[in-house]
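Some notes on the structure that comes next.
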Amino acid sequence: MRTIRIAKHAGFCPGVSRAVELIEQAIQTQSKPIYCLGELIHNRVFNDSLRRRGVRFIEPEELPSLPPDALVFIRAHGTTKEVYRILREHNIAYVDATCPYVRKLHEIAATAVGAKFVIIGDRNHPEVQGIISAAPGESAVYSGLAELEAAFPDCAPREDPVILAVQTTFDTEEWKKCQSFIKRLYTNLKISDTICSVTEDRQKEARALAASSDLTVVVGSPNSSNTVKLFRIAREAGKDAILAESAADLAAERARIRAAASISITAGASAPGSIIQEVKNIMAEIQNEETSFAELLEASFKTLHTGDKVTGTVSAVSATELKVDLGTKHTGILAYDEITDESGIDLTEKYHVGDPIDVVCIKFSDADGTVQLSSKRLDIAKHWEAIKAAHESGEFLTGVIKEVIRKEDTYSGVVVTKGTSRVFIPASQTGIAKGEPLEPLKGQRVSFKVIDINEERKRAVGSIKAVQRAEKKLAEEEFYKSIEVGQKFVGTVRAIMNYGAFVNIGPVDGMVHISELSWGRLRPPAEVLTIGQKLNVFIKHFDPETKRISLGYKTPENDPWKIFTDHYAIGDTAEVKIVSLMPFGAFAEIIPELDGLIHNSQISDKNVTNPASVLNVGDKVTVKIVGIDLEAKRINLSIKALLEPAEEEAPVEEAPAEEAPVEETPAE
């Protein structure tokens, strides 16, 4: 009896699935032109379908000439450090579809400070080229054991530090041999086993299937590194092997297919499921070309089995279900509830006759010739695998917060959905302050990190705070790379201390020391600043290692003496405020941080021995500037100079005394 088996790990890996999902979403939601740096994934058929839908493929040198509204996709294999620089420099919007496993390799390479970074892989592969670009110092690429042995024929031990990594899709057996050799070569060695776990499982399964099959068909692009490795594994472990990019490539292999009693199909990480299923169907047709009438009759009565996964074609669409042609005597019925849990989705808009659809068989009815199908259950498995992969790689995911969990007055957390998977985020990991309500988060699309999973119960715990911390750290690192001494900022006062103030200048805070806040006498920072106040500052010193920034505030532009001399001269008048009283006179603020002296002799036109008898602190008075000593930094002010001179009283002239008449006494 002839059999055709499809490998469990055939087709898209989580990293490729993520890249495809991102660009599909962009095609459906974005109106801006979409460009892809190189091939998004190594699959010609899929990339051709993107071209037909308007996606344009470009090389890095074309980036500067893109239109302002361009959206650029970085392929799943990643790209070089230089490309990221060009994107930032030209302010080009981009979506980073780099596989999380590859991104992790970039991070490992970047840690090779003071050490040589060595990677085992294909030096011409874009993944390896991008990873090497992230290494800050000396680096090297070796294709395998043979090249290592040729490069180090003496195999003499070396003490210089080395960080060793491997291309994510490299052959696991060859990698073990390379490790063994390099361990003997370098005594100061740090090894990062960076082969993708999905790749490792795929290769193990391909080896086992090929060993038990007459023929192994590897579906994928001949330009795909992991596909070529699968083909080599299948050819070495099995009796016969064919590499096919699509079902069309099988036409010339009819004789080999007919001759095989058992066939296994595996596929590279960039092979779409629809192509894999098409390959299976074509091979089944080829095998049946020379079968007897009895065999054909028997095959016509064959049915699928519960649990079988198959790609069918939508044959009819209604508001409540889809009918699916499975290529068997049974008609597939895909009910609404087995497509989605969401209400309000219009199946007639989302699905069309002729659409391919991946389903799993859940219940047969030979009486009416139907089979109940589910696409949701496939999605559940696929999305859970994506959750697991994200937990392993540390990749950040995005999802929508659907539920806030609250018990009485205590918030437990929120539930975020990623496809069909639900991830619980404890209240302490939401990024919301303790005791604050979580309801405002409901309905928001958030980024989160999977921090724990329960494989048996298919439950996951996530953290929004972890993403915020990582984003803050990244923003800080980028900030420290971009700043320089003397650079100016408009900051916001965030905290006031006795010794100065912390001022926020973007993703970080800097310290303005108390000595920077006043030009004259030191004043408590709380007297000078208020929380939330905007402040013009500049960088005096910074240390990326300790994450400390010293900010300056005093500049020639805000020097009070410069401001004063630009606006005032001897003889000018000014309204000033009395700020202190001394035995010899009063100090008055002319402009902020600059005082002048009103000597006792200049307070009044009368003799003043105690200024407090005439003036009070806080009084506003008008003065005349009567003296400026720039060297001694002194200003003399006068109130008296503006007073009207007192009118002198005219002397009082005494009138001449008139002689009183002499009364004569009558004579007796």
Side-chain angles (χ1 to χ4, degrees), residues 1-17 20 41-43 45-46 99 101 168-173 195-222 224-247 249-250 253 256-257 260-284 286-287 304-312 327 356 358-361 377-379 381-382 384-386 388-389:
M1 182 177 178
R2 294 181 173 182
T3 60
I4 300 177
R5 295 175 294 174
I6 297 178
K8 177 183 176 183
H9 295 286
F12 284 172
C13 65
V16 171
S17 291
V20 171
I41 63 175
H42 270 164
N43 186 276
V45 177
F46 178 79
C99 168
Y101 282 96
T168 59
T169 56
F170 199 74
D171 187 313
T172 53
E173 295 302 318
I195 290 182
C196 170
S197 60
V198 178
T199 297
E200 188 172 357
D201 292 341
R202 192 191 307 269
Q203 291 176 359
K204 287 180 181 177
E205 186 182 25
R207 191 172 284 109
L209 286 174
S212 60
S213 304
D214 295 324
L215 173 66
T216 301
V217 176
V218 180
V219 181
S221 169
S224 167
S225 173
N226 71 88
T227 300
V228 172
K229 289 182 180 71
L230 284 175
F231 180 60
R232 187 177 67 244
I233 290 169
R235 195 165 50 185
E236 292 172 353
K239 300 178 181 67
D240 193 9
I242 295 173
L243 176 60
E245 190 169 15
S246 67
D249 296 336
L250 300 175
E253 309 294 348
R256 294 164 72 184
I257 294 170
S262 59
I263 299 176
S264 295
I265 301 174
T266 186
S270 299
S274 58
I275 293 179
I276 298 170
Q277 189 61 42
E278 186 181 4
V279 165
K280 180 185 178 183
N281 293 342
I282 291 296
M283 285 197 299
I286 292 172
Q287 283 192 326
L304 296 167
H305 301 284
T306 301
D308 282 356
K309 299 172 185 177
V310 64
T311 299
D358 293 328
V359 292
V360 60
C361 302
R377 298 186 194 188
L378 281 182
D379 290 339
K382 180 178 72 175
W384 176 249
E385 288 300 316
K388 285 170 56 182

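Treat the numbers as computed from the prediction; the structure is a model and nothing was measured.
In this structure, the side chains of Asn43 and Pro272 come closer than 4.5 Å at one or more pairs of heavy atoms. Side-chain contact check for Gln277 versus Ile6: some heavy-atom pair is nearer than 4.5 Å.
Taken to the nearest 0.5 Å, the CD atom of Glu245 stands 7.5 Å off from the CD1 atom of Ile275. Ile257 CD1 to Ile242 CD1: the interatomic distance, rounded to the nearest 0.5 Å, is 5.0 Å. Taken to the nearest 0.5 Å, the CD atom of Glu253 stands 14.0 Å off from the CD1 atom of Ile282. Taking CZ from Phe231 and CG from Leu243, the interatomic distance works out to 5.5 Å, rounded to the nearest 0.5 Å. The structure places CD1 of Ile276 at 12.0 Å from CG of Asn281, a figure rounded to the nearest 0.5 Å. The CG atom of Leu250 lies 5.5 Å from the CD1 atom of Ile286; values are rounded to the nearest 0.5 Å.
Take Asp240 and apply the side chain to side chain contact (heavy atoms under 4.5 Å, CB included) test, not counting sequence neighbours, and it matches Leu215, Arg256. Residues meeting the salt bridge (Lys or Arg N to Asp or Glu O under 4.0 Å) test with Lys388, sequence neighbours left out: Glu385, Glu455. Shown here are the side chain to side chain contact (heavy atoms under 4.5 Å, CB included) partners of Lys309, two or more places apart in sequence or in another chain: Val360, Leu378. In this structure Asp201 satisfies the side-chain hydrogen bond (donor to acceptor under 3.5 Å, both in side chains) test with no other residue, sequence neighbours excluded. The side-chain hydrogen bond (donor to acceptor under 3.5 Å, both in side chains) test applied to Ser221 returns no partner, not counting sequence neighbours. Judged as a side chain to side chain contact (heavy atoms under 4.5 Å, CB included), and not counting sequence neighbours, the contacts of Val20 are Phe12, Val16, Glu24, Ile41, Phe46. Among residues two or more places apart in sequence or in another chain, the salt bridge (Lys or Arg N to Asp or Glu O under 4.0 Å) test is passed with Arg207 by none. Contacts of Arg377 classified as salt bridge (Lys or Arg N to Asp or Glu O under 4.0 Å), with partners at least two apart in sequence or in another chain: Glu338. Applying the side-chain hydrogen bond (donor to acceptor under 3.5 Å, both in side chains) rule to Glu173 yields no partners; only residues at least two apart in sequence or on another chain are considered. By the side-chain hydrogen bond (donor to acceptor under 3.5 Å, both in side chains) test, Lys229 is found to be paired with Ser225, residues two or more places apart in sequence or in another chain being considered. Partners of Lys204 by salt bridge (Lys or Arg N to Asp or Glu O under 4.0 Å), not counting sequence neighbours, listed by chain and number: Glu200. Residues passing the side chain to side chain contact (heavy atoms under 4.5 Å, CB included) test with Arg5 are Leu209, Ser212, Ser213, Ser264, sequence neighbours excluded.
In terms of modelled atom types and a separation under 3.5 Å, the side chain of Gln203 and the main chain of Thr172 share a donor-acceptor contact. A donor-acceptor pair under 3.5 Å links the side-chain atoms of Asp214 to the main chain of Ala261, judged by distance alone.
Residues Asp249 and Ala244 share a closest heavy-atom pair of OD2-C, 3.7 Å. Heavy-atom minimum distance, Val279 versus Ser246: CG2-C, 4.1 Å. Minimum interatomic distance between Ala234 and Val218 (heavy atoms only, all atoms of both residues): CB-CG2, 4.2 Å.
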